[in-house]
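Structure first, then comments.
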Amino acid sequence: MSATNEAGVPHGQKRKREEKDVSNKKKVQSDKPPQIYKNLQLAESLKDAPKKPVYKNLQIAESLKAQSKAKNQLLGKSQKAEKPKFKNLQIAESQKTVANGAQDDEGPNVESQKQEYRDNRPQNPLAARQKNLLEVRQSLPIWSQAANIRNALLENHVLILAGETGSGKSTQVPQFLHTSAWCTGRIAVTQPRRVAAVSLARRVAEEMGTPLGKSPQALVGYNVRFDDNVGKNNKVKFLTEGMLLQEMLRDPALVEYSCVVVDEVHERSVNVDLLLGFLRGLVTGTSEAAKKRKGKPLKVVVMSATADTEKLKDFFSEGFGEPRAEDNIPAVNDTTSLNKDDASVEKPQVPSASSSGKISTCFVEGRMYPVQTEYLSEPTRDFSEAALLQIFQIHRKEPMPGDVLVFLTGGDVITNLQQAIEDMIPNVITRDSGLPKLLVLPLYAALSQAQQQAIFSPAPPNTRKVILATNIAETSITVPGVRFVIDSGKAKIKQFRNRLGLDSLLVKDISKSSAIQRQGRAGREAAGKCIRLYTKPNFEALEKDAVPEILRCDLSSAVLTMKARGVQDVMSFPLLTRPSREAMERALLLLLQLDALNPEDGNISDLGRKIARLPLTPAHGRTIVAAADPEMGCLLPVIDIVACFNSENIFVEIKDQDANDEAREARNKLSRRQGDHLTLLSAVQAYASERTDRKQWAKQHLISHRSMQNVMDVRKQLRAQCQQAKLITKEELAAADDDLDTVSESTGNNILKCFLRGFPANVARLVPDGSYRTIQGHMAVAIHPSSVLYSRKLEAILYNEFVYTNRTYARSVSAIQMNWLEEVYAAPT
DNA sequence: GAGCACTGC
């Protein structure tokens, strides 16, 4: 047992403590990047690489691109030939669509802002930067709409704003609004991703000429998981959707805010759908929580990249007591209703009489270069082969510079295609010796930061980059330098099947809007070209929009989210898209099984409230609560395991060639005969008890250091939250050390019993033919080959997930005893 | 003997 003396403070912890004392700017420079950067998959590079380009390279905000736009404009008139074409969103009379009669035509506070930096001392670098940025801001398409937007919210409480990438909406709208008279509280701006929230906040702070975050002068802050950088005087706060939902637990009326801007609504995450439901109740004053605002108005701005604002408008109109437009039979000549589902007709949509002046809509054109689109004349059976052909055709025919971005389905397809291209390169390039070189780069989430980073480094001279990417390049990462896009038209899509209680992850056709999004990636820096590896009729036949996540996932989390925020009748909670009754009922049933709801009235129980506060699925939350029961007494180890399930796979794939026997043996030592749960635990504990060089340790054990760092972050957060929820005392937590202890047989059993409590449906038993069948539903289940229990025959198994790929697999599996079931499910809590 | 798209509290 190694003592935790002063000198023995684990590396990471000590550093973290030091970090707390330094300012934000220093944070970025410190040898260990702050939490958020670690999650950018770019952390490693941050240490050495200059900071700016990193942020720039990420898909962040329209505004960052504005810089390059402005640069293009400065480059001179010669660029006029390639003048960005406004995409089909462009609406000549868009101003009319906002509230009637713009009063100040001049843009937002130009004079007052000018005055502001005149007043600042000239040597103030923030003010100087602000001044420079003002010119860039004024060149954004949204700038001319500033007065309209301000006036719209003066009169109405809801603004629906459609603006494509490049319009500047994410950065400018909060700045247009924060000086309005009604804006006495804060403006929240939600984002689906953490990176976006952080980088937008940074940018807006710069544009406003103030520091970011906690400083008393700071007007802009952000709050994302693992990184709270909000100051008392912040007027604008960027946060992730999940964070705002979490805030609603303690403040369901959002009283600290005067305005909530919901950005990227078209992505339709479950969280955004829930958020819109809550906001509708608040803005219309129809929900219980709305009373707590005591008459203080709330303004809601809903921003989307697609022009389809009708659905959103109908949704809010309904909240104001108007019937949804669908309920009306459209008159034959009523073009506004007829056009609703016609993607090709995107005309300005003047607020119709039915909106009764409560909802404004506004369109802002995006800024983008034209993209020429080609289709295959015949459908292809093998999109990899078709892509291979097109890549070399582009390389032969198209001028440099111009990198190629290929949208594919998954890591394996990407690896194979990369191999195929590299095999062909010698033939093609030597045969035609005038050709530039080709550099093939894979891009998908499971790659290490360093590998992902490669797409951002400039190619060597006379080299064309070919990036083979998954959907990650559609929303999360913007690849610079791309002029050619090849679109397979496919993506892997996860779908939860309620009846079977399993997730399937299958290759499916993408939606039209997804195809358009992919196409747009070719026109960000110059005119480009998009080759679709399917026919034009195929494209026309695609669904208009992707199926929203809320129709594709297990609803137990969403339902608990509603219940915990005061929604009693979840069936009538306003949702943009209503899931099936069956899916809702299944979720309610599971929550009842988990004791999260009272069986008498279906309201949330005390236990349910505890679960709802944790950043986990209800099943994992229930497991944690079970582990805190003194009879079980295994909270800390259960947290370690749950943390693993909430991070990427910690085990690095063992490839026969590169794994040496030593590492393999080291890895094997971590494995536990009881199964994957305790194997994960032993890995976390061994890692945590490593005091000298964790990175080296991870390498030696074929464990992903990055994943493990994330596990440690989640573990820390869960420990703190459990203490807050009084599931563990401060003293107990302080006494916990990371010394390597062997988990006793009985503790091991207790741990598995806790998981049993959280996963009543994920149990299967061995049947006479040697296969496993689930106890609920008698479905055939096979142990996934990645499990330490693969090919073992055990009395019964418990598993963390049930997925369908080629067959139905149980992943993360442990052995249990049938006689535990009675004990676990009979026990009162 | 499989092979996991992508986010988020």
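So you know, we letter chains A, B, ... as the sequences are listed, proteins then strands, and number each from 1.
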> Of all the nucleotides listed (B:dC9, B:dC6, B:dA2), which has the minimum atom distance to the side chain of A:Ile472?
Replying inline: B:dC6
> Rounded to whole angstrom units, what separation is found between the CD atom of A:Glu648 and the C1' atom of B:dT7?
Replying inline: 11 Å
> Would one find a side-chain N or O of A:Thr470 under 4.0 angstrom from OP1 or OP2 of B:dC6?
Replying inline: yes
>> Distance check needed: B:dT7 P versus A:Asn710 CG, whole Å only.
In response: 12 Å
> Rounded to whole angstrom units, what separation is found between the CG atom of A:Leu447 and the P atom of B:dA5?
Replying inline: 10 Å
> Which nucleotide sits closest to the side chain of A:Pro785: B:dA5, B:dA2, B:dC9?
Replying inline: B:dA2
>> Counting only heavy atoms from other residues, nucleotides and ligands, does the tally under 6.0 Å from CD of A:Glu422 exceed 12?
In response: yes
> If you find the nucleotide of DNA chain B closest to A:Arg552 and the one closest to A:Asn271, which residue's nucleotide is nearer the 5' end?
Replying inline: A:Arg552
> A:Asp554 CG to B:dT7 C1': how many Å, rounded?
Replying inline: 16 Å
>> Restricting to side chain to side chain contact (heavy atoms under 4.5 Å, CB included), what partner residues turn up for A:Ala469, sequence neighbours left out?
In response: A:Leu405, A:Leu443, A:Ile467, A:Ala473
> For A:Asp769 and A:Ser771, does a side-chain donor sit closer than 3.5 Å to a side-chain acceptor?
Replying inline: yes
> Can you tell me if the side-chain N/O atoms of A:Arg194 get under 4.0 Å from OP1 or OP2 in B:dC9?
Replying inline: yes
> Is A:Thr240 near enough to B:dC9 that one of its side-chain N or O atoms lies under 4.0 angstrom from OP1 or OP2?
Replying inline: yes
> A:Lys494 side chain: which of B:dA2, B:dC9, B:dA5 is closest?
Replying inline: B:dA5
> Does NZ or CZ of A:Arg552 fall inside the cone over A:Phe496's six-membered ring, less than 6.0 Å from its centre and within 45° of the axis?
Replying inline: no
> Rounded to whole angstrom units, what separation is found between the CD atom of A:Gln495 and the P atom of B:dC6?
Replying inline: 18 Å
> To the nearest angstrom, how far is A:Phe496 atom CZ from B:dA5 atom C1'?
Replying inline: 18 Å
> Looking only at side chains, do A:Asp676 and A:Ser812 share a donor and an acceptor under 3.5 Å apart?
Replying inline: no
> Rounding to a whole Å, what distance do you find between A:Arg807:CZ and B:dA2:P?
Replying inline: 8 Å
>> Counting only side-chain heavy atoms from C-beta out, which of B:dG1, B:dT7, B:dC9 sits nearest to A:Pro615?
In response: B:dC9
> Of A:Glu801 and A:Ala612, whose closest DNA chain B nucleotide lies nearer the 5' terminus?
Replying inline: A:Glu801
> Nearest to the side chain of A:Leu505, which nucleotide is it out of B:dA5, B:dC6, B:dA2?
Replying inline: B:dA5
> Starting at CG of A:Leu718 and ending at P of B:dG8, how long is that distance when rounded to a whole Å?
Replying inline: 16 Å
